Every structure is written in C-alpha cells, then in structure tokens.
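Have a look at this one.
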Amino acid sequence: MARDTAGLAELFNAHYRRLLTLAVLVTDDRATAEDLVQEAFARLHGRTLDDPERALAYLRSTVLNLSRSRLRRLRTSRKHERPDDVLLPSAEAEVILRDDQRAVLDALRGLSARQREALVLRYWADMSEAEVADTMRLSKGAVKSHTARGMAALRKTLEATR
Amino acid sequence: MNDVEDRLRDALSTRAHLVAPDPRAYEGVLARRSRRRLRSWSAVTTATLAATGVAVIMAVSGGPARPPVTSPPATAPPTPVPSGVAAPERFGAVVDGRPGVYRTDSRSNVFSVSHDGATTGTIAAVGDGERFYFSTSVPDSCASHLRIIEDTDTSGTTRAPRGNPRIDARITEMAVSPDGQRLAYAAKTGKECAQTVLRVRDLTTGAERTWPDLTEPDESGDTFALWLSWAPDSRYLAYTADLCCDGAQGFRVLDTDAPVTSFLDPPLRGESVPDPAGAGTPCRLVAPAYRGTTGQLVAVRDCIGETETFTAVVVDPDSGDVLRDLFAITGEAQVHRLEFDASGANALVERGDGNDPTGLDTWTGGPAAVDAGGERIGYAGVSW
C-alpha cells in the first residue's frame, strides 16, 4: 500500500495540473473539473501505477469520459431547456479574458462534447490526430470528422457574432 | 494556419493559464480512495455473511422503515418473447427539447410525422404508437399544456391535436401505462419552477396523485426523475432518480397504489455494480425499462473508465442485481433512454451527444438509416 501511495503521489505531482486544465477546458467549470480529475486519480489501481505512460493515458481518457458523462447528465436532466443554457462560463475567467477570447470560448461551449474534446486536444494539447484518436478511443476518421465539424460550427458562430 | 485556428489556440492558452491547482487536491484523492476501499470491504463482508446464512440488518437512520418492493418478480419465468415481430411504425422522440412523432419505413429510414418546431416539451406513446400525449411548456410560466396527437397518417400531414388541459407544472418526462388509463409524469413546480415532483394522472377523470421531493435542498441543486417506465401491471413505475450533478445515479421502483411518500423513498438500486470486464471500474444501472408485457425489467449498465461502455441488462427490480446481459449497445454516442414495444421483441435506443442543433436525439441498432448531423438514426429490430 505504501508503494502504491508513493507511485500515486509521483503521478499526481507530475500530471495533476495539466489534467485539471484539460478538464476545465472541456467542461468550463472549475469545481466540476477538480472533482472529475480527483476521481480519475482515485480510480488508478496497482497495475496501472507501475507503468507511468499507461497511467497517464488511463488518466486522460478517464477524465474525458467522466467530463462527457457529467455534461450529459446536466443536459439530459435539463432537456426541456435550451441546450446551451446548461454550461455557464466561469466567473473568474470572464473578468480576465478579452472580448474576442470570450467569444471563442462561448462558441466552443456550444459544441457537442466530442467536438469540444477533439478541438481542445488538437489546439491546446497539440496532439496529433493519431494521439487524439488514442485518447478519445475513436478511429482517426471519427476524430477528423469531429474536428472538422467542430471547426466549421465554431467558424459559423464566430462569423455570425461579428 | 487560419484565423479561427489561431483564435482558438490563443483563447484556450489564455484560459489554461488561469487554472491554478488547489494545494489540497491530493488530500481529496486519498480520501476518495479510502472511501472506495471501505465500500469494497463492506460489500464483501455483507456477501460473505449472506452466504453463510447470517442475516445482516442494516440500520438506516431517519425516516420510517420502507416496505419491501413487490413488483413483478424478475426471477419468475418471463413471458416468452415472440420472434419476427415488426417494430412499431411510429414512435415519439424529443429533438432539441421539442417533442415530435416519427415513423420508420421498412428500411428503417426515419421521417418526421408531426413536429411542432416552436415549442419545448416531451412526448409519450400510447401502446405501440396508436396515439401520443405530448406536453408543451407554457412560455414565461411554470405550466404545461397536455395534448393528444392521433390520426397521424404516413403522408406526414400534421393533424390538429385535440384536448388541451393545463397542468400547473413544467413537465419533463412522461409515460402512459400499458392499460392506457394512467399517465405518469415528472415535472418541475413551485417557486422558480425548482421543485421536482412525480405525478400519476388518471386519464379518464383527470385526478392526480403527487409524490414530492421531500429531501432538504442542497447546494448541488436540482433533483430529477428520469426515464419513466411502467410495469405490465400498470401499477409499478421504474425510473432513474437523479440527484443532480454530484448525487448517486441508479434506479427506483415505485408502487403507485401505495400511500404517497416521496419519489426518492423507494430504495436506490444499481448505484454501483461490478464491471464485468473486471477492470475495477464502477458501473451504474440507469434508464430502466420494462420489456413490453414480459415482466422483465431491463436497464442500461453504464461503465465509465478508460472507455465508456453501455449494455442493456436484465435486472431484479427488488435487489437491483444484474441477472444477465441482453444486448450490447455499440457506438460512441451516449445512451439517453431505452424503450421496448409491447411485444418486448424490439427496442428503441435513444442516444446522441445531445447538443447537435441539426438532428434528433438519435437511435441506433439495426440497419443504418438517415444520418442527421453525423449521428445515425435507426430502429433496433433485434430478437433475443
């Protein structure tokens, strides 16, 4: 158990911040993101802890899956309201971001969960299509499709709000 | 690199820089792991004691003792499911919060039959689509209108709905009992339309019984009752009761003939079930649905870990135990709802990413059909 905990601490120190950032960008809710990332670390078990590369891959995928599940529950619970009412921007970020940055993040919020994940992994985490496919557990074709559709929707929304 | 890509990188990068980790976060991880170990130990202990014939009485603090649920026993031999039964021609669906009637042709293409594009609400089929009840939210109020759609023909002509009783709540889910006499609905009511209730309405007399949410409001906010499904006896009602956002998810079975308490009173089942893949991922049972007239209760086992998998499983309505797998729900889109036709031979699986402005909450299984906005639509005609 002590070895298990030591391994977990090492992984936590190495990756928590980046995983938290990923979750914040996908859910745009700091409290939810913290909850999900802590849950992902808590689910790591002995075998996964022994292999740091494997552990990181596990953590990333689990964070994304939990984010999508949480967003889905919010949306399904509120399906009688407009879908984009469900995600609210973070108060602190709203103060610091420029208007044009805020517009982009507002537009991102309106995308489907998969589209948002694909764009965040490509344009913030700088992953290749193959790496995104591996993280999202999808085919490269599906990643291409989510990315293209997400960018098209983003472009359309930003042009409409100009 | 184009302008939008540049802007996206810039916005994400700036947002990322605003994230500062809480120094106590690691303590949260350790606390969760401790709770997980304690739950595992408790489950093993209880199972061991039960196996050796020792009854374990778990004291539940607060509230009166709950009577046992005596819905149709799942272990009784199920009514045989006929083979080769064609799927119903018409079904109800909610698209972007707006209810509509759809039909499928022999190739599982989906057509909109009656769809009021302007109003939000929900829809419930009577039987296998003989007629439909649909609710529409009354703007700027916490109320709904109930309407009946019938005589929808296959040409796509919309007939004027008849009947228009006003309900003093915003209806979010509905289900008509198999005998066609009762309508169960979940709704938001009260101040700021924030209080959840579950009601059963006699469709002949209009009389209603109400099961409120008697829990103390908490910081996480709303409670919802979702995915209602009547048992063949038109008495028991299965549903997922969702304590929004942070609460547990599983399903409950309510005896609608018993004295009214709270819709959160029946025991929560399926909150945490083992992952059959053995990866240690906790799974939950949601979206319960009675399988036509067979008496079987089916739920969706949702396992979230490194991957997310959905499986329709037969469950014991009293214990919440998984009795057997029924079919795998493949594909990447999330599963919202499961619904069987009256024969139990066909299943409708409603799924989607939920925020696609162009298409349906979508369906899968069976032959591929209309592709709306990248999500496939079809109708499962699977026999088991």
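Residue numbers start from 1 in every chain, and the chains themselves are labelled A, B, ... in the order their sequence lines are given, proteins ahead of strands. Since we're looking at a predicted model, the values are computed, not measured.
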Problem - Shortest non-hydrogen contact between A16(B) and L25(A), atoms and distance - result: N-CD2, 4.3 Å
Practice task
Indicate yes or no: at least one non-hydrogen side-chain atom of L12(B) is less than 4.5 angstrom from one of L108(A).
Solution key: yes
Problem - Under 4.5 Å from a heavy atom of chain B, the part of V120(A) involved - result: both
Exercise for the section: Identify which part of R98(A) has an atom lying under 4.5 Å from any heavy atom of chain B, answering side chain, backbone, both or neither. Expected result: side chain
Handout entry: Heavy-atom side-chain proximity of E5(B) to M151(A) below 4.5 angstrom
Key = yes
Practice task
Would you mind reporting whether Y26(B) and N13(A) have side-chain heavy atoms less than 4.5 Å apart?
Solution key: no
Problem - Check ion pair D126(A)-R9(B) (N to O, under 4.0 angstrom) - result: yes
Handout entry: Top contributor to chain A interface from P21(B), S13(B), A20(B) [non-hydrogen pairs under 4.5 Å]
Key = P21(B)
Exercise for the section: For residues L30(B) and L8(A), determine if any side-chain heavy atom of one lies less than 4.5 Å from a side-chain heavy atom of the other. Expected result: yes
Completion exercise
If you tally heavy-atom pairs under 4.5 Å between each of T14(B), D22(B), V29(B) and chain A, the highest tally belongs to V29(B)
Practice task
Would you check if R30(A) and V19(B) make a side-chain contact, meaning some heavy-atom pair closer than 4.5 Å?
Solution key: yes
Handout entry: Nearest-0.5 Å distance that lies between atom CG in D10(B) and atom CG in D100(A)
Key = 6.5 Å
Handout entry: Separation of L158(A) CG from R7(B) CZ (nearest 0.5 Å)
Key = 5.0 Å
Problem - Heavy-atom pair count under 4.5 Å with chain B, highest-scoring of E159(A), Q38(A), M136(A) - result: Q38(A)
